[in-house]
Amino acid sequence: MNASAAPTAGTVNGGISFWYAGRPLPAPREPLPGDTGADVCIVGGGYTGLWTAYYLKKAAPFLRITVLEQKFCGYGASGRNGGWLYNGIAGRDRYAKLHGKEAAVRLQEAMNATVTEVVQVAAAEGIEADIHQGGVLEVAYTPAQLARLKAFHEAELAYGEMDRLLLGARETAGRIRIAGAVGSSWTPHGARVHPVKLVTGLSRVVEDLGVTIHESTPVTEIRPKHAVTPYGTVRAPYILRCTEGFTAALKGEKRSWLPMNSSMIATEPLTDEQWEHIGWAGRETLGDMAHAYMYAQRTADGRIALGGRGVPYRFGSKTDNDGRTQPATVEALREILVRFFPALAGVRIDHAWSGVLGVPRDWCATVTLDRSTGLGWAGGYVGSGVATANLAGRTLRDLVQQDSGQAGTTDLTELPWVNHKVRKWEPEPARWIGVHGLYAAYRAADRREASSHAAATDRLARFADRLSGR
Ligand SMILES: Cc1cc2nc3c(=O)[nH]c(=O)nc-3n(C[C@H](O)[C@H](O)[C@H](O)COP(=O)(O)OP(=O)(O)OC[C@H]3O[C@@H](n4cnc5c(N)ncnc54)[C@H](O)[C@@H]3O)c2cc1C
C-alpha cells in the first residue's frame, strides 16, 4: 500500500468487472452465420441461459440447442456479481401468501439444495471457480438493524432452516471483526465463488456437451418460434429468454423487469497483518441489515470485494456502459468499507464496476414456460440470482420436457414461482422518480436509525417498503 496516494487515485473503473482484471476479455465465439433451426433457442449467455442449456443437453443429448449472446458469455451480471452463491430467493414471502407456507418452504428447500448442486456440478465438471463453502454472515450494527436481524433469523427458522445460527457481538467478532457489530445471523447455505470463473467454465462445459453458442449476436425481437437477430433468425419450438437486467431493451419488454444497478469495489490485496486484524478465516460471504444493504466477499487472492446500490436506476431503463460506475458511488462504497473496517482507511481501491439485475414490479423471481407459444423466461432475481439461476435452469429443463411429452410433472415444476404473472412497471418518469425516491428514503432511514439508536425500523423505510410493493 502506498500511504501517500489517495485510495481511489488509480482505481480502474469498468472494464466489465474486476473479475476480468488481469486476463484478456474472452474472444467472442462466431456470430450466428444466418437463418437456422434448433429444438431450443436460448437468448442470453449468463448463468440462467447456460444452466438451462446444460441441464437440457444432459437430459436429452439429442436436442439441438442454440444460445444467442449479444456480447460474450458472462458479459452481464453473471460476470460482475458479488459471488454470493446463497439460498436467498426474491419473493418467497409473497409466494407464501399466494400459495401457502408449505409451498414456500418447498421453494426454500429447493434453494438450499441448489447451493450444494452448484458446488457439486462445478466440481464434477472441473469448473475451478474459487468456491469456498463458508456460509453467509449477515450483521447488524444499530439497534434497529439488530431487531430486524432477529426477526429475519426467526423467519428463516420458520422456513425450515434449522441449521442457522444467531450470534452475539463477541461471536460475530470471532468470525469477522467489524466495527460496532452487535450481532449476526449465519447460515451454512452459502458459498463464495469467483463469478467469471464460474460463468466461463460453464460456457466451456456446455459447448463441450454439444450446445451451439453464437456470441456478438444481439436478438432484436423474440416472438413465438422465432429469435430475430441482424444476422438471421433462429426458428425453434422453444425460445427461452434469459436476459434478466437487459430484458427492457427487447421489443415489447420495456416495462417488464426494471434494470437495477448494483456497483462494487475491490481493494488491493490485504497484507497478512490486516487479515490477522480482521479475521474472516471462514471466508463467509458478508452482508448487513441496512435498508440500502451492502454485500462483500473475501476473494481467493486476499482482497475485499464489496458492493451496494449506488445510483439505483437510469432513466428510461438504460442499462450498460461496460461496467463503469459513478465516482460518487466508488467513494460511497469505500466509506462503507472503512465504516466496517476502520483500519482499512488508506487501502487502495483497485477496481470499481457496476452491472444490472432485473426487478419485477412485485419483486418476485419467476420461471415461466407459456405452453401455448413455446416462449419461456426466467429471472427477476432482484440481486439474488447466482444460485437462483441454477434452480431456474433445472426448472426450465423440466418445463420444456413436460411440454414436449418427454417427462411429466416434477417437484420443480410444482414450485410456487413457476408461471407467476406480474404487472408491468409504471411508464417514465414515474418509474425513475419512484425508484430514486425509494432509495433516497432507504438511505435516509439508515442514517436516522444510526443516529437515533432507536430499536424500531424507521418509518421512512416502512413507508418505502409499502410503496414499492415488496
Ligand atoms: C454488481 C452485481 C452484484 C451482484 N451480486 C450478486 C450476488 O453476490 N449474489 C447473487 O445471488 N446475485 C447477485 N447479483 C445478481 C446476479 O448476478 C444475477 O441475478 C444473475 O447473474 C443473472 O443471471 P442471468 O443469466 O439471468 O443474467 P445475466 O448474467 O445478466 O445474463 C444475461 C445475458 O444476456 C445477454 N443479453 C441481453 N440481452 C440480449 C439480447 N437482446 N440478445 C442476446 N443476448 C442478450 C447479456 O449480454 C448477458 O450476457 C448481482 C448483480 C450485480 C449486477
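Along the sequence shown, residues are numbered consecutively beginning with 1. Atoms within each ligand, like the ligands themselves, are counted from 1 in listed order. Just the heavy atoms: all of them, side chains too, but no hydrogens, waters or symmetry mates, feed the values below.
Panel note: side chain Arg348, backbone Glu268; no donor-acceptor pair is recorded below 3.5 Å. The closest donor-acceptor contact from the side chain of Asn13 to the backbone of Thr325 lies under 3.5 Å. Judged by distance alone, the side chain of Trp353 and the main-chain N or O of Gly15 form no donor-acceptor pair under 3.5 Å. Checking side-chain atoms of Thr247 against main-chain N and O of Gly245 turns up no donor-acceptor pair under 3.5 Å. The closest donor-acceptor contact from the side chain of Arg106 to the backbone of Glu414 lies under 3.5 Å. In this structure, the side chain of Glu335 does not engage the main chain of Arg339 through any donor-acceptor pair within 3.5 Å. One N or O on the side chain of Asp446 and one on the backbone of Ala292 form a donor-acceptor pair closer than 3.5 Å. The backbone N or O of Leu63 lies less than 3.5 Å from a partner atom in the side chain of Lys57, making a donor-acceptor pair. Side-chain atoms of Glu207 do not come within 3.5 Å of backbone N or O of Thr212 as any donor-acceptor pair.
Residues meeting the side chain to side chain donor-acceptor pair (under 3.5 Å) test with Asp130, sequence neighbours left out: Lys197.
Contact atoms of ligand 1 toward Ala77: 17 (O), 18 (C), 21 (O), 28 (P), 29 (O), 30 (O), 51 (C), 53 (C) (distance under 4.0 Å to a heavy atom of the residue). If you number the atoms of ligand 1 from 1 as listed, the ones under 4.0 Å from a heavy atom of Gly83 come out as 8 (O). With ligand atoms numbered from 1 in the order given, ligand 1 contributes 42 (N), 43 (C) to contacts under 4.0 Å with heavy atoms of Val43. Close approach to Glu244 involves these atoms of ligand 1, each under 4.0 Å from a residue heavy atom: 18 (C), 19 (O), 22 (C), 26 (O), 27 (O). If you number the atoms of ligand 1 from 1 as listed, the ones under 4.0 Å from a heavy atom of Leu68 come out as 43 (C), 44 (N). When each atom of ligand 1 is checked for a heavy atom of Thr243 under 4.0 Å away, the hits are 32 (C), 34 (O), 36 (N), 37 (C), 38 (N), 39 (C), 45 (C). Near Ser262, meaning under 4.0 Å from any of its heavy atoms, are these atoms of ligand 1: 1 (C), 2 (C). Contact atoms of ligand 1 toward Val219: 40 (C), 41 (N), 42 (N), 43 (C) (distance under 4.0 Å to a heavy atom of the residue).
On a distance-only criterion, Phe246 and ligand 1 share no N/O pair closer than 3.5 Å. Residue-to-ligand polar distances place Thr48 within reach of ligand 1: an N/O pair is separated by less than 3.5 Å. Polar contact with ligand 1: present for Gly385 (N/O pair, distance under 3.5 Å). Considering backbone and side-chain atoms alike, Ser263 places every N or O at 3.5 Å or more from each N or O of ligand 1.
At a heavy-atom cutoff of 4.0 Å, ligand 1 is contacted by the backbone of Cys242 but not by its side chain. For Glu69, heavy-atom contacts with ligand 1 shorter than 4.0 Å involve the backbone as well as the side chain. Only the backbone of Pro218 comes within contact range of ligand 1, with a heavy atom under 4.0 Å; no side-chain atom does. With a heavy-atom cut-off of 4.0 Å, Val356 touches ligand 1 through its backbone alone. For Asn261, no heavy-atom contact with ligand 1 is shorter than 4.0 Å. Only the side chain of Tyr381 comes within 4.0 Å of ligand 1, counting heavy atoms alone; its backbone N, CA, C and O stay farther away.
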Stepwise ring pair (Phe, Tyr, Trp, His ring centres under 6.0 Å) check, Tyr295 with Tyr86: CA-CA 12 Å; Tyr295 51 91; Tyr86 86 118; 9.9 Å; no
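Residue contact check for ligand 1: Gly45 places a non-hydrogen atom closer than 4.0 Å to it. Residue Gly383 places a heavy atom under 4.0 Å from ligand 1. Ligand 1 has Thr217 within reach: a non-hydrogen atom of the residue lies less than 4.0 Å from it. The closest approach between a heavy atom of Ser384 and any atom of ligand 1 is below 4.0 Å.
Here the protein heavy atom with the shortest distance to atom 31 (O) of ligand 1 is Gly46 CA, 3.6 Å. Among all non-hydrogen protein atoms, the one lying nearest atom 34 (O) of ligand 1 is Gly44 CA, 3.2 Å. With hydrogens left out, the protein atom closest to atom 4 (C) of ligand 1 is Asn81 CB, 3.1 Å, a heavy atom. The shortest contact between atom 29 (O) of ligand 1 and any protein heavy atom is with Ser78 OG, 2.5 Å. Among all non-hydrogen protein atoms, the one lying nearest atom 5 (N) of ligand 1 is Gly82 N, 2.9 Å. Closest protein heavy atom to atom 53 (C) of ligand 1: Gly355 C, 3.4 Å.
Figure legend: Arg177 and Phe341 shown without cation-pi pairing, the cationic atom not lying both under 6.0 angstrom from the six-membered ring centre and within 45 degrees of its axis.
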Ignoring hydrogens and angles, write down the donor-acceptor pairs under 3.5 Å from the side chains of residues 385-395, residues two or more places apart or on other chains.
from   : atom 1 : to     : atom 2 : distance (Å)
Thr388 : OG1    : Ser384 : O      : 2.5
Asn390 : OD1    : Arg394 : NE     : 2.9
Asn390 : OD1    : Arg394 : NH2    : 3.1
Asn390 : ND2    : Tyr55  : OH     : 2.9
Arg394 : NH2    : Thr114 : OG1    : 2.8
Thr395 : OG1    : Leu391 : O      : 2.6

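Taking all heavy atoms of Trp353, Trp51, Tyr295 into account, the minimum distance to atom 3 (C) of ligand 1 is reached by Tyr295. Of the candidates Thr388, Leu357, Val386, Leu357 brings a heavy atom nearest to atom 52 (C) of ligand 1.
For the side chain to side chain contact (heavy atoms under 4.5 Å, CB included) test with Thr187, the passing option among Glu161, His153, Glu156 is Glu161; the others fail.
Counted within 6.0 Å of CD on Glu331, heavy atoms from surrounding residues, nucleotides or ligands total more than 12; the atom is thus considered enclosed.
Using a cut-off of 4.0 Å between Lys/Arg side-chain N and Asp/Glu carboxylate O, Arg303 and Asp301 are scored as salt-bridged.
Trp280 and Trp275 have perpendicular rings, their planes meeting at more than 60° on a 0 to 90° scale where under 30° would count as parallel.
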